[in-house]
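Letters A, B, ... mirror the listed sequences (proteins, then strands); counts begin at 1.
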Amino acid sequence: MSKYYVTQDVEQCIGCKACEVHCKTKNNSGEGAFFCKIMQVGPEMKNNLPVLDFVYMACFHCENPWCVDACPTGAMQRRDKDGIVFVDQTNCVGCKACMDACPWGVPQWDVETGKVDKCDLCMDRIDEGLEPACVSKCTTGCLSFGTPEQASDQKRQDFAERILSQKA
Amino acid sequence: MKESVYSICGMCAVRCPIRVEVEDGKVTWVEGNSNDSGMGTAICAKAAASIPFQYDDQRPQRPMIRDGARGSGKWKQVSWDEAYDYITDKLKTIIAEHGPKSIMLTDRGGPFADLRKAFMKAIGTPNYINHDCTCGRNANHACKSTYGMGRTGFAYDLKNANHIVLFGRNITESFKVKEVKGFLKGVKNGAHVTYVDPRVTNTAGKATRYWQNKPGTDYALLLGITNYIVANKLYDEKFVKKWCLGLAELKKFLKPYTPEWAAEETGITSDEIKAFCHEVDADRPKVIFHIGWLYSRYKDTFYASRMLNILNALMGNTEQTGGLIYPKTPKHADSSGLKSLSADIPDVKEPRCDSCDSDWDWYDNGAGMLQLAYDAIDTGKPYPVKAYFVHRHNPLIALPDPEEQKRILDKLDLLVSVDVNYSETSWYADIILPESTFLERDTILRTDKGPKPGFSMRRKCVEPFYDSKPGWQIYVDLAERLGKGEYMPYKSIEDIWKYQLQDTDVKIEDFSATGMVKLCDSPIGTSDDNIKFGTKSGKIEFVNKTWEDKGIESFKPYESPEAPPEGSYRLLFGRKGYQTHGQSTNNPVLSQLLGSNKLLIHTDEAKKLGISDGDTVTVSNGSKVGSIEAQVTDFIHPEAVFMLHGFGTDVPAQERAFGKGLADNAFMKGKLKDWDKAGGGLALNETFVTVKPAA
Ligand code: SF4
Ligand code: SF4
Ligand code: SF4
């Protein structure tokens with residue numbers, strides 16, 4: 001796990017796919033390649049109500065990334081200072097080993113370059129003190145960028161506030 | 001060098017405030033303008049997709065004159081001078097024979113329409129019309145007939161509401177960025193959400209109550225609800241006594257429409273209806289009944305919307321936190337407003353071609369009614385209409401029955417399209433004038449109403465990528481060439497801005513810091529002193545005598561919707577949050593999200609017909625036949641089928657979208673003439689189609 005963590009408040013997500021398009025237009029991923037993707041689950045009926053959720057899926061930036069281990073050229077790598085996993089395009093030979101290795105289908109094929117590319121948490125933006133494109137411009141603000149510690153605090157805070165609003 | 005420009009989005013008709021980054025003359029980033037706290041940096045998928053659209057070669061790149069039959073797709077590229085000559089030569093002949101009133105224009109309304117209205121007035125025609133017969137006309141007129149003001153006369157305080165009631169208003173998919181954020185705040189704060197729709201949408205997933213009513217029975221459900229609320233005094237008696245006229249008549253009319261009756265009609269049990277009524281009683285006044293936006297659905301939709309307006313009144317939610325709030329105008333901040341570009345142009349004395357100032361004079365004639373203008377083109381009555389400007393509007397997919405529309409359009413001597421897209425309508429035009437995209441053009445100033453009223457500015461962020469012109473320039477140039485330059489004497493956008501601002505203390509420079517100017521420092525709050533209604537009586541009129549005198553009854557007895565014939569289904573349509581009607585289907589990035597549309601059909605019906613999920617099916621209505629992939633689901637009412645709007649284009653220049661899916665409106669045979677006469681909205685859900693497995 002990199003030092004950073006993107007979390008999603010699923011209850012506030014509307015499945016509008018703005019995050020996908022913010023990512024695509026910022027990172028120019030190839031046709032049909034999505035570094036982050038919204039996966040719909042449901043609808044299904046529970047207690048007389050349709051339940052349908054939209055789950056944000058990007059890269060987990062694993063602590064021991066399968067993709068990096070699988071890469072024969074060293075193109076797929078983990079950035080020392082913060083653990084961001086990214087592809088160095090010059091060294092990628094398009095062998096797709098990382099695509100096979102990643103348990104979540106994260107690395108994306110770029111038909112135009114014949115190489116793999118993936119979410120790098122918009123590290124150029126992070127280095128400028130900004131947030132990744134998807135988080136920064138999510139239509140509803142349901143994505144948050146921070147550290148695992150911050151995310152935990154936020155969850156506790158949200159829970160506490162919900163108790164308060166139920167009392168009001 | 002990176003530059004930052006504040007502007008206004010133009011990818012859809014919501015027109016959100018944005019901040020744009022430009023590097024070396026190219027747009028690299030579009031985000032929400034965070035100076036507007038309701039926005040933050042948030043922005044939707046469509047806005048981001050404006051960047052690839054900017055550099056897309058599948059949009060009109062220079063003026064084009066038709067070089068074959070209408071719709072043949074044969075074009076001759078010409079210079080702007082040649083284009084203007086072509087148009088003015090034709091117009092001069094038309095004007096000589098039929099007068100300037102034989103020219104009409106349609107657009108999609110909104111805050112920038114003032115320029116087009118001024119152009120029409122300058123050339124001497126009353127026939128400015130917007131798109132609203134396929135959108136909010138019923139809701140607008142329903143509000144007018146009860147509150148005496150238009151639909152936008154109230155803003156909804158969603159974030160503070162206790163209960164939000166949505167009749168088919170798919171607020172999380174047909175969304176406005178600020179509105180959906182307010183809605184979700186309400187949801188987070190624990191608001192009840194009641195959502196009524198024959199189809200489960202993303203919004204149904206956010207609801208605390210979802211009702212799948214039988215298609216076409218919104219009005220029945222509303223009658224049952226109002227009956228119970230009135231009979232059991234579950235309303236704000238003090239407010240109703242003070243502000244509403246016609247409670248006794250309402251009560252009498254509602255008598256037969258009990259919850260038990262409504263249950264039979266709609267499929268929603270009477271217990272559920274009653275429980276809902278008690279819930280809103282406990283939640284009021286912070287209860288919002290959304291009166292509908294694109295509520296051009298059934299032949300009684302005007303009356304459904306009218307009942308929604310009445311329910312708001314019964315909740316006593318006017319100018320209440322968590323209710324319906326008057327959007328404050330510059331006047332509330334003791335300032336003058338923007339001067340209308342039409343203000344100094346002499347009035348046009350001619351009658352309107354759509355008769356919204358005579359035969360149909362309960363309609364709001366500022367917006368007109370396109371289906372009635374079509375009648376005028378077709379019949380030459382009340383007078384011949386021979387030239388039609390379509391400004392970034394696309395009637396051939398927005399209105400029913402494109403075949404019938406084309407038959408009528410063929411009677412025109414001139415059809416001009418001003419567009420950024422190759423729309424179905426521009427493809428059928430005689431000439432296409434490419435307008436610069438919203439990132440490439442300045443626009444006239446707009447007024448922002450709300451707690452802090454003010455003005456905002458759309459700025460050109462980059463030079464036009466192709467040989468296009470901004471809309472203001474096109475209409476100023478045309479007015480000049482038609483000898484009416486004195487009425488639009490602007491040499492630059494700054495001239496226009498200065499004209500608009502002349503009565504205010506605001507300067508053009510004041511916009512550079514944030515793209516907007518606020519006319520007060522702290523928000524103007526709600527106050528009972530603001531309560532005021534535009535009706536003759538000054539009250540909310542459950543019974544509106546003025547409309548009744550014109551033959552529009554205040555309460556319409558209920559008639560059940562027609563049941564679909566055996567093997568047929570009611571055709572419903574809608575959209576996703578990453579679609580702008582038909583404009584986004586060919587976008588280089590958005591087209592990757594949605595390749596095609598599908599036909600949603602209920603599992604039991606599919607089984608009867610021998611259709612499995614993913615099968616190709618044949619859909620037909622009379623002579624219109626098409627094939628499409630079926631999506632079999634439990635989440636649609638068995639009487640209905642559904643398809644996303646905006647697909648099935650017949651324009652080959654839209655290479656990514658061409659030949660993909662079906663266009664719902666093409667199946668709406670005969671529906672150009674079969675609409676809601678009380679409210680003026682087209683009845684876009686009154687079509688039946690048969691569905692069969694593809695041979
Ligand atoms: S691509 Fe897959 S394996 Fe590699 S870091 Fe991301 S989630 Fe882990
Ligand atoms: S932009 Fe935000 S709200 Fe929209 S789908 Fe992505 S995560 Fe959900
Ligand atoms: S809703 Fe999206 S496309 Fe429409 S104006 Fe707002 S940001 Fe632009």
Side-chain angles (χ1 to χ4, degrees), chain A residues 9-34 37-38 40-54 111 122 124-125 128 130-131 133-143 158 161-168, chain B residues 16 27-32 34 39-53 171-173 175 177 180-181 183-185 187-191 195 200-212 272 576-579 587-595 633-635 656:
Chain A
D9 178 353
V10 174
E11 283 172 32
Q12 291 276 302
C13 176
I14 55 171
C16 70
K17 300 192 187 234
C19 45
E20 293 181 13
V21 178
H22 296 327
C23 171
K24 275 195 91 62
T25 51
K26 144 81 176 61
N27 295 310
N28 295 313
S29 54
E31 172 121 15
F34 290 87
K37 194 146 191 162
I38 290 294
Q40 178 173 336
V41 281
E44 96 188 33
M45 287 309 273
K46 278 191 190 148
N47 303 322
N48 223 5
L49 269 179
V51 176
L52 75 158
D53 284 331
F54 302 93
V111 276
C122 296
D124 52 332
R125 285 180 58 83
E128 283 181 57
L130 301 167
E131 295 184 324
C134 54
V135 174
S136 168
K137 303 198 281 178
C138 160
T139 307
T140 68
C142 77
L143 297 177
D158 283 352
E161 275 171 22
R162 208 161 302 158
I163 292 179
L164 183 74
S165 81
Q166 274 158 6
K167 275 193 194 150
Chain B
C16 298
V27 177
T28 52
W29 183 260
V30 178
E31 68 176 23
S34 58
M39 233 14 237
T41 51
I43 204 78
C44 82
K46 297 163 281 179
S50 64
I51 303 173
F53 180 65
I171 203 163
T172 67
E173 293 190 272
F175 68 78
V177 173
V180 76
K181 287 174 77 126
F183 169 76
L184 290 166
K185 263 192 198 137
V187 169
K188 200 168 196 166
N189 293 337
Y195 183 69
V200 169
T201 64
N202 292 6
T203 306
K206 299 283 179 247
T208 52
R209 176 186 287 101
Y210 167 63
W211 280 341
Q212 182 173 76
E272 285 182 84
K576 293 275 182 201
Y578 33 96
Q579 273 186 288
N587 179 282
V589 167
L590 298 177
S591 62
Q592 296 175 45
L593 303 182
L594 261 179
T633 168
D634 292 341
F635 295 91
R656 302 176 198 97

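- Between chain B and the options A:Glu44, A:Gln40, A:Lys26, heavy-atom pairs under 4.5 Å are most frequent for A:Glu44.
- A donor-acceptor contact closer than 3.5 angstrom is absent between the side chains of A:Lys137 and B:Thr41.
- Both the backbone and the side chain of A:Glu31 come within contact range of chain B, each with at least one heavy atom under 4.5 Å from a heavy atom of that chain.
- Heavy atoms closer than 4.5 Å to chain B are found nowhere in A:Asn47, neither backbone nor side chain.
- Put simply, the side chain of A:His22 gets close to the backbone of B:Ile43: a donor and an acceptor are under 3.5 Å apart.
- When heavy atoms are compared at a cutoff of 4.5 Å, B:Phe635 approaches chain A solely by way of its side chain, counted from C-beta outward.
- Each of A:Pro43, A:Ser136, A:Gly42 has some count of heavy-atom pairs under 4.5 Å with chain B, and the biggest count is that of A:Pro43.
- In this structure, B:Tyr578 OH and B:Leu593 CG are separated by 6.5 Å, a value rounded to the nearest 0.5 Å.
- Counting heavy-atom pairs closer than 4.5 Å to chain A, the top-ranked of the candidates B:Thr28, B:Val30, B:Ile51 is B:Val30.
- Geometrically, B:Lys46 engages B:Phe175 in a cation-pi contact, judged by NZ or CZ lying under 6.0 Å from the ring centre and within 45° of the ring axis.
- Considering CG of A:Leu49 and NZ of B:Lys206, their distance stands at 12.5 Å, rounded to 0.5 Å.
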Can you list, pair by pair, the side-chain donor-acceptor contacts under 3.5 Å of residues 12-21 of chain A, counting residues two or more places apart and other chains?
| unit_1 | atom_1 | unit_2 | atom_2 | d |
| --- | --- | --- | --- | --- |
| A:Gln12 | NE2 | B:Leu184 | O | 3.1 |
| A:Glu20 | OE2 | A:Ile38 | N | 2.8 |

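- Interface remark: B:Thr201 contributes backbone atoms only to the contact with chain A (heavy atom separation under 4.5 Å).
- Between chain A and the options B:Ala48, B:Gly205, B:Gly577, the largest number of non-hydrogen pairs under 4.5 Å is found for B:Ala48.
- Of the listed residues (A:Asn28, A:Asp158, A:Asp9, A:Leu52), the one with the most heavy-atom contacts under 4.5 Å to chain B is A:Leu52.
- Considering only residues two or more places apart in sequence or on other chains, B:Trp211 meets the ring-ring contact (aromatic ring centres under 6.0 Å, His included) condition with B:Phe276.
- With rounding to the nearest 0.5 angstrom, the OG atom of A:Ser29 is 7.0 Å from the CZ atom of A:Phe34.
- Within the 4.5 angstrom heavy-atom criterion, only backbone atoms of B:Thr208 (N, CA, C, O) approach chain A.
- The candidate with the highest count of non-hydrogen atom pairs below 4.5 Å against chain A, out of B:Val187, B:Leu590, B:Thr172, is B:Thr172.
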